[in-house]
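Naming convention: chains lettered A, B, ... in sequence-line order (proteins, then strands); numbering from 1 in each chain. Worth saying up front: this structure is predicted, and the values here are computed from it rather than measured.
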Protein chains: 2
Amino acid sequence: MRIGELAERAGTTTRTLRYYESLGLLPPADRSGNGYRSYDEEHLRLLEQIRTLQDFGFGLEETRPFVECLRAGHPAGDTCAASLEVYRRKLAELDACVARLQEVRAQVAAQLARAQVEALGADGGADPMCEPSVSERDSP
Amino acid sequence: MRIGELAERAGTTTRTLRYYESLGLLPPADRSGNGYRSYDEEHLRLLEQIRTLQDFGFGLEETRPFVECLRAGHPAGDTCAASLEVYRRKLAELDACVARLQEVRAQVAAQLARAQVEALGADGGADPMCEPSVSERDSP
DNA sequence: GTAGACCTTGACGTACGCGTCAACGCCAGG
DNA sequence: CCTGGCGTTGACGCGTACGTCAAGGTCTAC
C-alpha cells in the first residue's frame, strides 16, 4: 500500500510517516518503480504501537525500543527487556509528576483561599467576627 | 538599580528581564542618561510574583493579571478578581491533569504487568509453579 | 589610555512533533 | 491532451521561555 492509505489506516498523516522515517523510527520503506513508498501490514502494526504509546504521553524516542522489538520479530512490542525498562521508567516519572502536581495543587488552593480572604478584607467587611457562627449552636 | 543587579536579586538573568519587558509583562524601565535601564524595589516585587507563579507551573501570560494587580497598587498580586479567576482555572487544570496522569499510570502499570508475564511465557519458564514459595513456611 | 565589567539592540538556536506551503513528478480517466 | 489526485523532497512556521552570540557603547580603575 502507498503512504496515503497507510496514513489513513493508522489515523495519522503522510507528513508524520515521512517524519518517523527521517528519524529512523520507522524503517525506510521499500520503493516501487516510480519512487513511491510501499508499505505492508507490519508497518501498520508499528504505527499502532507508536500511537498507543504516544497516547500515554511517551515521547517518540521512548517508543523506539517497542518498535525495534516488533521489528525483531516479537509478537508484541513491549515484551523485550528495553521496552519493559521504558515502562518502569515511565511509571516512576508519572508517579513523580503526579506527586508534584498534587503538591502544587495544594499550594495554589491555599493561595486562593488566602487571597479570597484578603480581597474581602480590603474590599468591604471591616471586622468579620462579629456574629458568632450559628452552626456551633445548631444541633444540641 | 541596573538590570544586572535586579536580575541577580531576583534570581534570574538580564535576558529574562528584557524578555519580559518586550512582552509588556514588565513595564518599560526608566532609562538613565546613558540609556541603561533603571529599576526600583517595586520591579523586584513584580519579579518575585512572577517567579512564584512560574514555580507553580503558570505560563507567563497567566501571570499577567497578578503583575497588573500589583502595578495597580494592590499590596498583593492575587487579590484582584482576574487573579482569583486564574487561580481557579489553574486548580481545575491541575485536577484534570492529575486525573489524566493517574489514568495513564494505571494503564501503563497494566501493560507492564501483562508484558512481563508474556515475556516470561515466551522466553524461558514453562510452568512457573513447581517449587512452592518458601516464604510461606518461614515464620510459624 | 586602556583593560575589564557593565550596558545596548538584534538575531539566531533550542526541544517536540509535526503543519503547511512550494515546486515538481507520475499516473488514470475522460 | 489535459485535469485531478496521488506521490516526491526541501524548507520554513509554530509555541514556550529563554540561552547565546555579535557588534557595539559606557563607565570605572589603574
Response to the item:
From CD1 of B:Ile3 across to C1' of C:dA5 the rounded distance in Å is 15 Å
Worksheet entry | side-chain N/O B:Arg37 vs C:dT8 OP1/OP2, d < 4.0 Å | yes
Discussion item. Would you say B:Arg105 and B:Gln102 are linked by a side-chain donor-acceptor pair, where the criterion is simply a distance under 3.5 Å?
Written reply: no
Item to complete: Please state how far atom CD in B:Glu21 lies from atom P in D:dC18, giving the value in whole angstrom units.
Response: 15 Å
Response to the item:
Taken to the nearest whole Å, CD/A:Glu8 to P/D:dG7 is 10 Å
Worksheet entry | Presence of B:Gln54 side-chain N/O under 4.0 Å of D:dC18 phosphate oxygens OP1/OP2 | yes
Fill in: Atom pair distance, as rounded to whole Å: CD in A:Glu61 and C1' in C:dG17
12 Å
Worksheet item: Given D:dG19, is OP1 or OP2 found less than 4.0 Å from the side-chain N or O atoms of B:Thr16?
Response: yes
Discussion item. Do B:Arg2 and B:Tyr39 make a side-chain contact, defined as non-hydrogen atoms from C-beta onward lying under 4.5 Å apart?
Written reply: no
Worksheet, complete the sentence: Whole-Å distance, A:Leu6 CG to D:dC6 P, equals 15 Å
Discussion item. Taking 4.0 Å as the cut-off, does a side-chain nitrogen or oxygen of A:Asn34 come that near to OP1 or OP2 on D:dT8?
Written reply: no
Response to the item:
Atom CG of B:Leu17 and atom P of C:dT9 are separated, to the nearest Å, by 12 Å
Item to complete: Answer yes or no: is there a donor N or O on one side and an acceptor on the other, between the side chain of A:Ser83 and the main chain of A:Gly77, under 3.5 Å?
Response: yes
Discussion item. Is the phosphate of D:dC18 approached by B:Tyr20 (side-chain N or O, under 4.0 Å from OP1 or OP2)?
Written reply: yes
Worksheet entry | Side-chain heavy-atom pair B:Glu21, B:Arg18 within 4.5 angstrom cut-off | no
Worksheet entry | Atom-pair distance (OH on B:Tyr19; P on C:dC12), nearest Å | 17 Å
Worksheet item: If you check the B:Thr13 side chain, which of D:dG19, D:dC18, C:dC6 turns out closest?
Response: D:dG19
Discussion item. So B:His43 and B:Pro27, do their side chains get closer than 4.5 Å, heavy atoms only?
Written reply: yes
Worksheet item: Between B:Glu5 and B:Arg15, which has a closest nucleotide on DNA chain C that is more 5'?
Response: B:Glu5
Worksheet item: At under 4.0 Å, does any side-chain N or O of B:Thr14 touch on OP1 or OP2 of C:dC7?
Response: no
Discussion item. Expressed as a whole number of angstroms, how long is the span from B:Arg31:CZ to D:dC27:P?
Written reply: 14 Å
Worksheet entry | Nearest to side-chain heavy atoms of B:Tyr36, which nucleotide of D:dT8, C:dC7, C:dC18 | C:dC7
Worksheet item: Is A:Arg18 touching bases, backbone alone, or none of the nucleic acid, heavy atoms closer than 4.0 Å?
Response: base
